[in-house]
There are 2 protein chains.
Amino acid sequence: MRIGALSRRTGASERSLRHYEKQGLLHPQRDESSGYREYREDDVRTVRNIRTLLAAGLNTAVIADLLPCMVEDEGELAPGCAGLVTDLNRERDRISAAVAELAASLDVLDTLITAAPPETADDPACAEDDAEPSPVHS
Amino acid sequence: MRIGALSRRTGASERSLRHYEKQGLLHPQRDESSGYREYREDDVRTVRNIRTLLAAGLNTAVIADLLPCMVEDEGELAPGCAGLVTDLNRERDRISAAVAELAASLDVLDTLITAAPPETADDPACAEDDAEPSPVHS
DNA sequence: CTAGAGTCTGACACCCGTGTCAGAGTCAAC
DNA sequence: GTTGACTCTGACACGGGTGTCAGACTCTAG
């Protein structure tokens with residue numbers, strides 16, 4: 001199939017598909033006369049795997065290493081890629097740290113929201129009487 | 001105090017402090033003869049507030065709106081900043097969505113890690129240098 | 001043959017806080 | 001007077017997947 005069809009079947013834009021190829025994630029054949037990319041049926045699944053991993057926060061370089069190890073089944077890894085687990089765990093830690101950071105950010109915002117002056121608070125439960133009119137600095 | 005001192009006291013680089021000013025977050029006086037920025041003692045706290053909000057995922061435009069409403073105390077909001085709570089809640093929702101997205105990413109990675117082949121030490125061709133037999137850490 | 005859809009490559013923009021550099025001016029200390 | 005630390009402005013780069021455009025070529029249906 002050509003790039004337009006693959007785009008429709010995967011939801012990835014043609015732009016993205018060309019980008020994935022340039023990053024070494026896809027290797028479509030080329031039509032000799034036209035130069036058009038010719039994708040195989042397998043590539044539909046490959047692109048979906050790529051999208052999944054991108055959504056997981058991995059970049060194309062990491063995915064390029066990971067992709068050859070993925071097999072047909074649900075997120076399963078091919079044998080012989082055991083060393084990859086180290087990389088995956090590193091990614092996992094990275095994402096985990098990001099989650100922790102954002103969770104802390106939520107706390108900061110919640111503190112601010114809770115401390116909002118009573119007249120502006122959405123939730124009446126947050127209302128407090130000690131509205132101290134401190135001068136607003138310029 | 002001048003920019004170097006403020007940088008040391010806040011941990012923000014001079015580059016960042018100049019950036020914050022350009023974004024309207026700081027308004028230091030200028031020495032008439034030298035043109036050097038002159039910061040007030042208050043600015044130390046202001047910069048710390050800025051850093052906190054940036055760490056919370058807010059951008060400088062949002063912070064510019066938010067900053068005049070913050071008072072001296074811990075994350076408290078000044079009165080008379082109606083409508084701000086709505087903005088804060090929107091930011092909260094945005095971060096919350098990001099957390100959910102990353103959590104889903106963690107699931108994807110965990111699925112891959114769990115599906116990894118059980119230490120294929122049998123096949124030397126698959127051995128990798130960085131393949132440490134470390135257990136999956138969570 | 002022709003119109004229109006499909007595809008090609010290459011390039012620029014975006015986000016947005018931060019790092020870094022260059023060239024020049026300022027200030028305090030010796 | 002000289003040296004060295006400090007500061008100034010402006011500009012470029014980064015990450016990194018994606019949007020979008022321009023100009024040109026290819027394919028297919030009528």
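First the proteins, then the strands, lettered A, B, ... as listed; each starts at 1. As the structure is a computational prediction, the values presented were derived from the model and not from experiment.
Residue contacts for R18(B): at a heavy-atom cut-off of 4.0 Å it reaches a base atom on one of the strands shown. Nucleic acid contact for E14(A): sugar-phosphate only, since backbone atoms but no base atoms lie under 4.0 Å from a heavy atom of the residue.
OP1 or OP2 of dG19(C) lies within a sub-4.0 Å distance of a side-chain N or O belonging to S13(B). Proximity of H19(B) to the phosphate of dT18(C): no side-chain N or O atom is located under 4.0 Å from OP1 or OP2. One finds no side-chain N or O of R37(A) lying less than 4.0 angstrom from the OP1 or OP2 phosphate oxygen of dT7(C). Taking only side-chain nitrogens and oxygens, T60(A) never comes nearer than 4.0 Å to OP1 or OP2 of dG16(D). Residue S16(A) places at least one side-chain N or O under 4.0 Å from the OP1 or OP2 atom of dT18(D). Residue Y20(B) places no side-chain N or O under 4.0 Å from the OP1 or OP2 atom of dG17(C).
A salt bridge links R90(B) to D87(B): at least one charged side-chain nitrogen sits closer than 4.0 Å to a carboxylate oxygen. A salt bridge between R8(B) and E14(B) is absent, with no side-chain N of the basic residue lying under 4.0 Å from a carboxylate O of the acidic one.
Regarding K22(B), its NZ atom lies at a distance of 12 Å from the C1' atom of dC8(D), rounded to whole Å. Rounded to a whole Å, the CD atom of E21(A) is 17 Å from the C1' atom of dT18(D). Protein atom CG of L58(A) is 15 Å distant from nucleotide atom C1' of dG15(D), rounded to whole Å. Put simply, CD1 on I3(A) is 19 Å from P on dA5(C), counting in whole angstrom units. Taking atom CD1 on I50(A) and atom C1' on dT18(D), their separation rounds to 15 Å, with Å as the unit. One can place CD of Q23(A) at 12 Å from C1' of dT18(D), the figure rounded to the nearest angstrom. What separates CZ of R30(A) from P of dT26(D) is a distance of 14 Å, to the nearest Å. Atom CG of L17(A) is separated from atom P of dG17(D) by 14 Å (rounded to the nearest Å).
Considering only heavy atoms from C-beta on, N89(A) stays 4.5 Å or farther from L109(B) through its side chain. You'll find the side chain of Y36(B) stays beyond 4.5 Å of the side chain of Q29(B), heavy atoms only.
Closest-nucleotide positions on DNA chain D for R15(B) and Y39(B) were compared, and the one nearer the 5' end corresponds to Y39(B).
In the helix from dC1(C)-dG30(D) to dC30(C)-dG1(D), the rotation axis of the first five pairs and that of the last five pairs differ in direction by 20°, rounded to 10 degrees.
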Tell me, with the steps shown, if R30(A) and E38(A) meet side chain to side chain contact (heavy atoms under 4.5 Å, CB included). CA-CA 6 Å; R30(A) 293 297 185 116; E38(A) 268 302 324; over 6 Å; no
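Side-chain polar atoms of S16(B) and S13(B) form a donor-acceptor pair below 3.5 angstrom. Neither side chain, R15(A) nor Y20(A), offers a donor N or O lying under 3.5 Å from an acceptor on the other.
Between the side chain of T111(B) and the backbone N or O of D107(B), at least one donor-acceptor pair lies under 3.5 Å.
The structure places OG1 of T60(B) at 4.0 Å from CD of Q23(B), a figure rounded to the nearest 0.5 Å.
For E101(A), the CD atom is loosely surrounded, since the number of other residues' heavy atoms within 6.0 Å does not exceed 12.
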Indicate for each nucleotide in nucleotides 22-30 of chain C, in 5' to 3' sequence, whether protein heavy atoms under 4.0 Å reach the base (B), only the sugar-phosphate (S), or nothing (-). ---BBS---
